[in-house]
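Take a look at the structure below.
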Amino acid sequence: MTSTPHSFQVDLRGLVDLLSHHLYSSPRVYVRELLQNAVDAVTARQSLDPAAEIRIRLSAADGRVTIEDSGIGLTAAEAHSLLATIGRSSKRGDEHSLEATRREFLGQFGIGLLACFVVARQIRVVTRSARDPQAAPVEWLATDDGSYTVRELPHEARPEPGTTVVLEARPGAAEWAVPAKVEELARDYGSLLPYDITFDDGGGEPRPVTDRPAVWDRPFPTPTARRVALAGHCSQTFGFTPLDSIDLDLPVAGVRGVAYVLPELTSPAHRAGHRVHLKGMLLTDRADNLLPDWAFFVRALLDTDTLRPTASRENLYDDETLSAVREALGARVRSWLAELAASEPERLAAFLRVHHLGVKSMARHDSELLGLMLPWLPFETSDGPMSLEEFTAAHTDVHFTRTVEEFRQIAPIAAAHGLGVINASYTYDADLLALLPSVRPDLKVTKLDAGAVTERLDPVPTAAELELAPFLATARTRLEPQGCDVVLRAFQPVAVPALYLDDRQARQERDRTAALESADSLWSGILGALRGSAPRARLVLNHNNPLIRRIAGLPDEALTGTAVESLYAQALLMSQRPLRPADSTLLNRAFLGLLEWATHPTEAQEDRK
């Protein structure tokens, strides 16, 4: 028999370059294309003959990769039409054609075997049609130079319907035809395919590629056994042992799978890579648009028959269907949290110890979830780490600070005086506190400022304050250049000699003053006109502290001023605020001044005179 050379209806070399450099992320997809063609062929065969034996066998040896199926097969005309033309599925009008069963197909873009040229030098296809039992087997032989031949073979060349495809690796691509690599890729892509697929490397019995049903669909004797099996599957698939697993079952949307809860803290900005199968075939393991952004604490694995793939079939097409599925999957994650809160608080507490940030992010947009999670969400408070529920049981007036420096300075004083303060400097905490009255109308939430703290501290008796008036005047004079007032109060703990308090308005006033000092005449006038009655920072001296009383009784006004500057610097350091240049200068001056008095008290006193 003679064979006639024909040319592809595309520029094959240009196509291979397009596929390998622009459409597909890796040559590994060639195994997916082989499996996809075989599965589509047996799907069409079942439509024609439901009783037909289904068989797909993959093998690799000596730089060749072979896949054999008992599928629908092709005639000579179909070999021309399907194997060398992009965008055509089959002859139309045949109820048993590939087109008729296309809704069940994995492939949707007609590229077919041509994609295998990303690794192949030559592709040989031997096929026999199940639709035309009298037709002879056909050989389709193509090379990467852009040519192919089609010829009929004797009937004994392939007695039964089906197709055998043999790829011969081209130079530089031999690694993709190594048996271990081919088997690995086949398992990765095809483990959930609906037909039994085996792999043979010539070293023994063929091994199964598929592993069905999916682990989340298998029966287990107990919920604990199922949880253990899912944890093992997660470890094998994603490389970590999950805190928990969440069923993702959306029958209406044609989605079934599981989400695994990460065991370690993950940044909300991290885009998790979810693993998605399309009708059993792995589509991608990097789907970052499958779940809402707030669900960054899970990795999902699912199978779908409704979501659309992109042109490369390596990700999901972000359309209205995917948007609806994403919302439904997010609702499933929220339901899981609600179920834990209602029935398994220990597991919920273990989850929140790691992922409370994600739940707080969700609760900002879901008042029902906020109310549900209140008994569990942790916050840093003046009474120690605790949930909002525990904190509000003791404080109906909830105060909060927006910076960690404010909180660290105020927390011990507030705790000693029964003032409830929450550190809202962490992500989402301020937003949640603003929403708190909507779910707990009995609570009052206000931002804590320097004035509110000062008012809660005990005033000093009038007689005592009048007695210390000269000392307070000296202190205020020394700290005036720092833009800081001095007040006297009695508070706990006694060991704290001074407390530095300011708020956003006070910091803005200091910044305005600093800008005024360095501005030209025009800006000086503008900034001067902006001067208002904004509160200034305060150094609150503790009358209960023995050191304060001793400093107030010093006979030397210069030493008193140096001591006050030292108290100011120490309070600043305790607040862990960044020091301005003027503060650093004061700190050095006060430290050296005290050293001078400590080492040469007589000389220092004489110098002052």
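Quick caveat, the model's predicted, so the values are computed rather than measured. Just so you know, these numbers use all the heavy atoms, side chains as well, and skip hydrogens, waters and symmetry mates.
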Where Gly254 and Thr306 come nearest, the two heavy atoms and their spacing: CA-CG2, 4.0 Å
CD1-OG1 distance between Ile56 and Thr210, expressed to the nearest 0.5 angstrom: 8.5 Å
NZ or CZ of Lys360 within 45° of Tyr426 ring axis and under 6.0 Å: no
Side chain proximity check, Leu316 to Leu283, heavy atoms < 4.5 angstrom: yes
Steps toward side-chain contact (heavy atoms from CB on, under 4.5 Å) verdict (Val276, Thr304): CA-CA 8 Å; Val276 179; Thr304 175; 4.1 Å; yes
Asp49 side chain vs Ala51 backbone, donor-acceptor pair below 3.5 Å: yes
Cation-aromatic face contact Arg207/Phe199, 6.0 Å, 45 degrees: no
Steps toward side-chain contact (heavy atoms from CB on, under 4.5 Å) verdict (Arg151, Leu141): CA-CA 9 Å; Arg151 63 170 179 151; Leu141 183 65; over 6 Å; no
Check: Thr241 side chain, Ser235 main-chain N or O, donor-acceptor pair, under 3.5 Å: no
Spacing of CG belonging to Leu374 relative to CG belonging to Leu436, to within rounding of 0.5 Å: 6.0 Å
Residue pair Cys116 / Ile123: nearest heavy atoms and the distance that separates them: CB-CD1, 3.8 Å
Distance, nearest 0.5 Å, that separates CG of Leu290 from CG of Leu248: 8.0 Å
Side chain Arg218, main chain Pro213, donor-acceptor under 3.5 Å: yes
Pairwise side-chain contact, Phe220 with Val215, heavy-atom cut-off 4.5 Å (strictly under): yes
Identified side chain to side chain contact (heavy atoms under 4.5 Å, CB included) counterpart of Arg275 within the set Asp303, Leu302, Leu301: Leu301
Flag, side chain of Arg332 to backbone of Asp247, donor-acceptor distance under 3.5 Å: yes
Leu48 vs Ile72 side-chain heavy atoms within contact, under 4.5 Å: yes
Val359: side chain to side chain contact (heavy atoms under 4.5 Å, CB included) partners, not counting sequence neighbours: Leu337, Phe351, Leu352, Met362, Met373, Leu377
Side chain proximity check, Arg57 to Ile67, heavy atoms < 4.5 angstrom: no
Parallel, tilted or perpendicular: rings of Tyr260 and His233 (30°, 60°): tilted
Contact check, side chains of Cys234 and Pro242, non-hydrogen atoms, under 4.5 Å: yes
Taking every non-hydrogen atom, the tightest pair across Asp196 and Arg212: OD1-NH2, 2.6 Å
Salt bridge (charged side-chain N to carboxylate O under 4.0 Å, His left out) assessment of Arg308 paired with Asp319: CA-CA 8 Å; Arg308 290 175 57 197; Asp319 56 10; 3.8 Å; yes
Val118 backbone acceptor or donor facing Arg170 side chain under 3.5 Å: yes
N/O donor-acceptor pair under 3.5 Å between Arg299 side chain and Gly273 backbone: yes
Distance (rounded to the nearest 0.5 Å) between Asp431 CG and His365 NE2: 8.0 Å
CA sep, side-chain torsions, deciding dist, call: Leu282, Arg32, side-chain contact (heavy atoms from CB on, under 4.5 Å): CA-CA 8 Å; Leu282 177 66; Arg32 183 192 67 191; over 6 Å; no
Partner residues of Ala214 under the side chain to side chain contact (heavy atoms under 4.5 Å, CB included) criterion, sequence neighbours left out: Leu192, Trp216, Asp217
Carboxylate-amine/guanidinium contact Asp249 Arg256, below 4.0 Å: yes
Arg128 versus Glu160, closest heavy-atom pair with distance: CB-O, 3.9 Å
Glu78 side-chain N/O to Thr75 backbone N/O, donor-acceptor pair under 3.5 Å: yes
Under 3.5 Å donor-acceptor, Asp200 side chain and Gly202 backbone: yes
Within-4.5 Å side-chain heavy-atom neighbours: Trp376 and Ser387: no
Working for salt bridge (charged side-chain N to carboxylate O under 4.0 Å, His left out), residues Glu175 and Lys181: CA-CA 8 Å; Glu175 62 179 297; Lys181 171 61 79 173; over 6 Å; no
Ionic contact status for Asp366 with Arg334, cut-off 4.0 Å: yes
Heavy-atom closest pair, residues Asp69 and Ala41: OD1-CB, 3.9 Å
Side-chain donor or acceptor of Arg187 paired with backbone N/O of Val182 under 3.5 Å: no
Note, Val65 side chain near Glu168 side chain (heavy atom, < 4.5 Å): no
Atom pair NZ/CG of Lys279 and Asp40 - distance to nearest 0.5 Å: 8.5 Å
N/O donor-acceptor pair under 3.5 Å between Ser70 side chain and Glu53 backbone: yes
pair Glu327-Pro292: side-chain heavy atoms closer than 4.5 Å: no
Ala79 to Val138 - nearest heavy-atom pair and separation: CB-CG1, 4.3 Å
Step-by-step side-chain contact (heavy atoms from CB on, under 4.5 Å) determination, Leu35 to Ile197: CA-CA 9 Å; Leu35 291 173; Ile197 301 173; 4.1 Å; yes
Ring pair (Phe, Tyr, Trp, His ring centres under 6.0 Å) involving Tyr189 - partner list, sequence neighbours excluded: none
Spatial distance of atom NE2 (His355) from atom CG (Leu348) [nearest 0.5 Å]: 12.0 Å
